[in-house]
Amino acid sequence: MKNKELAAVLDSFADVLEIKGESPFRVNAYRRAARTIDDLAADIERIAEEDGLQKIQGVGKGLASSIEEFLATGTIRGYEDEKKTIPRKLLELLSVPGLGPKTIGLLWKELDVRSLSSLKRALRGKKVLDLPGIGPKKVENIQSGIRAYESRSGRLTLGAVLPIAESLLERMAGVEGVGRVDVAGSLRRSRETIGDIDILVTSRKAKAAIDAFTSAPGVNEVLAAGRTKASVRIEDAVQVDLRVVPEASYGAALLYFTGSKDHNVRMRGIAQSRGMKLNEYGLFKNDRRLAGKTEEAIFKRLGMAYIPPELREDRGEVEAALDGELPELVELGDIRGDLHCHSDYSDGVSTIEEMAQAAKASGYSYISMNDHSRSLGIAHGLTVERLERQMGEIDEVNARLRGVTVLKGTEVDILSDGSLDYPDDLLERLDIVVASVHSGFQQSRDKITGRILSAIRNPHVDIIGHPTGRLLGSRSAYDVDLDAVMEAAAETGTALELNAHYERLDLNDQNCRRAAELGVMIAISTDSHAEDQLWTMGLGVKTARRGWLGPENVLNTLSKSKLLRYLSNKPS
DNA sequence: GCCGTTTTCGGCCCGACTGTTTTCAGTCG
């Protein structure tokens with residue numbers, strides 16, 4: 001699948017054109033296409049084979065032929081030619097906050113700035129102040145942007161960002177005059193990684209809200225502070241934007257700042273086609289505000305069903321909302337149990353009973369113990385004897401506890417030859433068998449795929465754990481043919497896991513959607529290694545919602561008896 | 001470069017903030 005590669009080339013093409021001062025609309029056309037292709041669930045090569053390139057939103061004749069060229073040759077001639085006309089390291093400067101294409105182009109042409117280091121040199125010199133539109137403050141801003149750029153770590157995981165967001169929401173809610181407080185942006189949409197945090201408030205005293213925000217604990221730097229918006233950097237890691245919005249336009253602002261950008265463009269288009277205008281202040285007809293206080297009212301006025309934030313990515317949700325065909329999405333309250341947890345038998349830190357109590361406190365009716373199998377020495381994988389002892393302890397705990405059942409399970413290794421780490425007669429005695437790859441990540445596509453397929457075909461395997469093995473920000477997915485895995489899973493009634501840990505979220509949203517379309521059941525599991533980690537189920541559910549899953553697509557929405565019946569029905 | 005209930009040309013989101021300006025350009029979201 002070359003989607004990501006192609007998207008990166010198109011985006012870089014846009015960068016080059018932008019620095020060269022090309023038409024912003026042409027630049028934007030490349031950017032839009034890059035984003036759409038990056039987001040596609042389907043393989044771009046397959047689309048090209050079926051002559052479908054121009055059916056992709058934002059891809060016309062010109063881009064289609066560029067894409068074909070890329071798929072055939074690995075690059076785009078026009079891009080390579082343009083790239084040669086600017087210094088190799090100039091593009092990197094676009095990532096410096098506060099520094100845009102115009103200024104970069106100016107600095108390059110006038111002062112021969114061609115890299116981060118020559119930029120720093122130029123900023124120390126005097127000549128830079130002679131350039132039009134550049135004064136001492138601007139120089140200082142760019143220097144601070146360079147420091148931020150050099151210390152930043154890219155997009156952050158939900159797990160890293162949520163605590164910061166929650167403490168800020170709490171602070172803002174306590175400020176005098178503040179009414180409503182919400183998080184917006186990609187965090188509200190629950191994207192798997194977050195670039196910055198957006199917070200929206202209503203307030204009778206805007207200045208007090210801005211002041212409380214810019215002086216919040218952890219703020220290293222105030223990037224901007226006006227009458228209605230402010231930006232700060234927290235703990236050198238994440239930028240947070242605050243907007244103070246009037247009550248009457250709060251819903252419009254929430255809609256606008258939740259995005260995504262592409263979703264907003266579609267929504268404004270719908271408004272336009274009805275002779276209305278939608279912006280962050282409301283939905284208007286001839287300057288008369290028709291709606292704006294709540295998101296719900298705006299959707300209603302546009303003749304659409306309410307679109308939950310997780311779906312707002314321009315992946316068909318706008319059309320579905322117009323046609324009244326949005327799916328009923330799974331909710332945290334639908335979840336009846338957790339099907340992948342560890343105890344202190346392997347690498348977890350809580351006892352079976354502690355995990356069971358935590359599950360009960362979460363309102364679950366079951367929780368499954370899936371400690372590692374014997375080959376995973378690093379995680380104290382269980383020998384056959386220790387697994388049998390654990391099964392005995394689970395019986396004891398179940399005899400003691402009311403209201404929650406501990407299921408007997410394992411996370412059995414799919415060994416590098418494709419066999420499983422326990423014999424079939426042992427697996428047969430367990431309620432839940434999760435089979436996962438923990439070794440041989442570098443194997444070829446055929447080999448890895450073959451291993452997972454043979455696990456799927458084992459009649460005792462119920463769920464494939466973290467099917468792609470990726471770790472956000474640190475390890476990319478192993479090279480597995482997910483189409484083949486999903487087809488086999490559908491055929492055999494094997495579920496695929498949506499591992500809810502914020503560094504995994506594996507399967508991701510798009511893959512969940514594709515799996516469900518093929519009739520594959522998804523198990524949303526936390527892979528908790530301690531009793532205080534069950535909360536990550538919420539992240540999994542949000543990711544599932546982003547994948548358009550309803551409760552009927554999720555294995556652990558089944559009651560205990562239905563679950564056990566489902567599991568015992570796998571054809572052998 | 002794309003697109004069309006404004007349909008093959010002429011638009012393409014637009015407002016807030018900052019800094020350098022004295023009426024505006026660049027950046028960002």
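Letters A, B, ... are given to chains in the order of the sequence lines, protein chains preceding strands, and every chain is numbered from 1. Predicted model only: the values in this text are computed from it and were never measured.
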For residues 207-224 of chain A, pull every pair meeting salt bridge (Lys or Arg N to Asp or Glu O under 4.0 Å), keeping only residues two or more places apart or in separate chains.
A:K207-A:D211, A:E221-A:R233
Is the shortest side-chain N to carboxylate O distance from A:R504 to A:E497 below 4.0 Å?
no
Sort out the partner of B:dT27 for me: Watson-Crick or G-U wobble, both distances under 3.5 Å, none otherwise.
B:dA16
Under the rule for salt bridge (Lys or Arg N to Asp or Glu O under 4.0 Å), what residues qualify as partners of A:K4, not counting sequence neighbours?
A:D38
Pairs in or reaching into residues 271-283 of chain A: which pass salt bridge (Lys or Arg N to Asp or Glu O under 4.0 Å), with residues at least two apart or in two chains?
none
Would you mind reading off the distance between A:R189 atom CZ and B:dG29 atom P, rounded to a whole angstrom?
13 Å
Checking A:R77 now: which residues fulfil salt bridge (Lys or Arg N to Asp or Glu O under 4.0 Å) with it, not counting sequence neighbours?
A:D81
Does A:E328 have any salt bridge (Lys or Arg N to Asp or Glu O under 4.0 Å) partners at least two apart in sequence or in another chain, and if so, which?
none
Please set out all donor-acceptor pairs under 3.5 angstrom arising from side-chain atoms of residues 194-202 of chain A, sequence neighbours excluded.
{"unit_1": "A:T202", "atom_1": "OG1", "unit_2": "A:R180", "atom_2": "N", "d": "2.8"}

To the nearest angstrom, how far is A:Q57 atom CD from B:dC2 atom P?
12 Å
Rounded to the nearest Å, what distance is computed from the CD1 atom of residue A:I67 to the P atom of nucleotide B:dG1?
13 Å
Report the residues that fulfil salt bridge (Lys or Arg N to Asp or Glu O under 4.0 Å) with A:D334, sequence neighbours left out, ordered by chain and then residue number.
none
Footprint string (nucleotides 12-18 of chain B, 5' to 3'): B base within contact, S backbone only, - free, heavy atoms under 4.0 Å
BB-SSSS
Using whole Å, report how far OH of A:Y149 lies from C1' of B:dT27.
18 Å
At under 4.0 Å between heavy atoms, what does A:N264 touch on the DNA or RNA strands: base, sugar-phosphate, or nothing?
nothing
Aromatic ring pairing A:Y30/A:F13, orientation class (parallel under 30°, perpendicular over 60°, tilted between):
tilted
Could you state the atom-to-atom distance from CG of A:L53 to P of B:dC2 in whole Å?
11 Å
Any base atoms under 4.0 Å from A:V59, or only sugar-phosphate, or nothing? Heavy atoms, all strands.
sugar-phosphate
Within residues 98-112 of chain A, those residues having any heavy atom closer than 4.0 Å to DNA chain B are A:G98, A:L99, A:G100, A:P101, A:K102, A:T103
Of A:V27, A:T85, A:L91, the residue whose pairing with A:I19 passes side chain to side chain contact (heavy atoms under 4.5 Å, CB included)
A:L91
What parts of residues 205-214 of chain A reach DNA chain B, counting only heavy atoms under 4.0 Å away?
none
Short heteroatom pairs, N/O only, protein and nucleotides 20-24 of chain B, under 3.5 Å:
{"unit_1": "B:dT20", "atom_1": "OP1", "unit_2": "A:G135", "atom_2": "N", "d": "2.6"}
{"unit_1": "B:dT20", "atom_1": "OP1", "unit_2": "A:G135", "atom_2": "O", "d": "2.8"}
{"unit_1": "B:dT20", "atom_1": "OP1", "unit_2": "A:P136", "atom_2": "N", "d": "3.2"}
{"unit_1": "B:dT20", "atom_1": "OP1", "unit_2": "A:K137", "atom_2": "N", "d": "3.3"}
{"unit_1": "B:dT20", "atom_1": "OP1", "unit_2": "A:K138", "atom_2": "N", "d": "3.1"}

Those residues that, when tested against A:S190, pass side chain to side chain donor-acceptor pair (under 3.5 Å) (two or more places apart)
none
